[in-house]
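Right, one structure below, let's go through it.
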Amino acid sequence: MAGKVSYWLLKTEPDCFSIADLKAQPKQTTYWDGVRNYQARNMLRDDIKEGDRVLFYHSNAKPPGVAGTAIVVKAGYPDFTAFDPHDQHYDPKSRADEPTWYMVDIKFESAFPELVSLDDMKAVKSLAEMEVLRRGSRLSVQPVRKSEFETVLKLAEQKQKK
DNA sequence: GCCAACGTTGGC
DNA sequence: GCCAACGTTGGC
């Protein structure tokens, strides 16, 4: 049964993990680990489903913006990196029998020929409500409206033509 | 590198 | 349970 597709924005620092890195993964798939924020955790655990679409956002980049898209291939499951004392994202409070943190698996879908920058998005009125455009927005997992997702794809196409 | 915004921590 | 201090995020 195919449920309703939802749309999300996932932030990553490209110096750490970029759209090119995702594309280079075995099966072009990775687990989205290291989210240590409860609001984001709730979405990873409860709301993000297989088949959902993802805007892949490069933060702390020059310039920041959406670099491509991905598809969720596995819904929320415990983030096992929290259990590993040697892992950068280790959290002793999260136990295997009662995990605090969750993650999903995503698969590469597309890399935009040209980044749809934050400035590009700010210039579009119909994107004004997007969480990522909010001043001080720090959530690394954000819900996106279908219309917003499609508008960003359209912007990517338009940039390609220019 | 600066700093505003925000989440978390910990003393009380 | 308040709130000041602190750490982190992320655009600029």
Side-chain angles (χ1 to χ4, degrees), chain A residues 6-25 30-48 52-70 72 76-106 108-145 147-149 151-156 158-159 162:
Chain A
S6 300
Y7 301 83
W8 308 94
L9 179 147
L10 294 182
K11 278 187 200 171
T12 170
E13 300 194 21
D15 289 346
C16 178
F17 192 86
S18 70
I19 189 81
D21 293 326
L22 177 61
K23 191 179 181 181
Q25 292 299 302
T30 190
Y31 51 86
W32 203 254
D33 65 310
V35 174
R36 298 291 179 264
N37 168 285
Y38 285 99
Q39 219 182 323
R41 186 281 309 270
N42 291 345
M43 291 186 268
L44 290 171
R45 187 187 58 190
D46 305 330
D47 301 327
I48 304 184
D52 284 359
R53 313 277 304 273
V54 171
L55 293 176
F56 196 97
Y57 182 85
H58 284 176
S59 66
N60 250 322
K62 298 173 198 165
V66 178
T69 61
V72 177
Y77 63 105
D79 180 345
F80 52 78
T81 67
F83 309 141
D84 177 1
H86 302 295
D87 193 279
Q88 197 192 344
H89 302 296
Y90 175 57
D91 180 359
K93 293 194 294 296
S94 183
R95 305 197 324 259
D97 58 340
E98 203 176 332
T100 308
W101 305 115
Y102 282 74
M103 61 186 175
V104 299
D105 288 355
I106 63 166
F108 174 83
E109 182 180 41
S110 71
F112 294 158
E114 212 179 317
L115 187 86
V116 174
S117 72
L118 196 56
D119 282 345
D120 293 334
M121 294 162 72
K122 280 179 185 166
V124 178
K125 271 218 177 100
S126 58
L127 296 180
E129 299 292 310
M130 277 186 83
E131 168 73 18
V132 75
L133 298 190
R134 252 192 55 231
R135 178 177 162 80
S137 161
R138 285 170 43 178
L139 253 191
S140 64
V141 177
Q142 305 178 357
V144 170
R145 294 165 191 83
S147 62
E148 293 164 345
F149 185 90
T151 299
V152 171
L153 292 199
K154 217 168 283 174
L155 285 177
Q158 284 168 12
K159 290 201 89 166
K162 280 181 195 167

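Since the model is a prediction, treat every value here as computed from it, not as a measurement. Proteins get letters first, then strands, A, B, ... in listed order; numbering begins at 1 in each.
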Sugar-phosphate only, base, or nothing, as touched by Ser140(A) at under 4.0 Å among non-hydrogen atoms: nothing

Side-chain donor-acceptor contact under 3.5 Å, Asp84(A) with Thr81(A): no

Spacing of CG belonging to Leu153(A) relative to CD belonging to Gln158(A), to within rounding of 0.5 Å: 11.5 Å

Selection from dG7(C), dG11(C), dT9(B) that lies nearest to any side-chain heavy atom of Lys93(A): dT9(B)

Short side-chain N/O contact to dT9(C) OP1/OP2 from Tyr57(A), under 4.0 Å: no

Sugar-phosphate only, base, or nothing, as touched by Arg134(A) at under 4.0 Å among non-hydrogen atoms: sugar-phosphate

Any Lys122(A) side-chain N or O less than 4.0 Å from OP1/OP2 of dC12(C): yes

Distance, rounded to the nearest Å, where Leu118(A) contributes CG and dT9(C) contributes C1': 14 Å

Distance flag, aromatic centroids of Trp32(A) and Phe56(A), threshold under 6.0 Å: yes

Interatomic distance where OH belongs to Tyr38(A) and C1' belongs to dC6(B) [whole Å]: 16 Å

Residue mapping more 5' on DNA chain B - nearest nucleotide basis, Asn60(A) or Arg138(A): Asn60(A)

is_close_aromatic(Phe80(A), Tyr31(A)), centroid dist under 6.0 Å: yes

dT9(C) phosphate, OP1 or OP2, under 4.0 Å from Lys11(A) side-chain N/O: no

Arg135(A) side-chain N/O to dA5(B) phosphate OP1/OP2 under 4.0 Å: yes

Length of the CD-P vector between Gln39(A) and dT8(B), whole Å: 9 Å

Backbone of Ser126(A) reached by a side-chain donor or acceptor of Glu129(A) within 3.5 Å: no

Separation of dG10(C) P from Leu10(A) CG (nearest whole Å): 12 Å

Spacing of Glu131(A) atom CD relative to dA5(B) atom C1', expressed in whole Å: 12 Å

d(CG, Asp119(A); P, dG10(C)) in whole Å: 17 Å

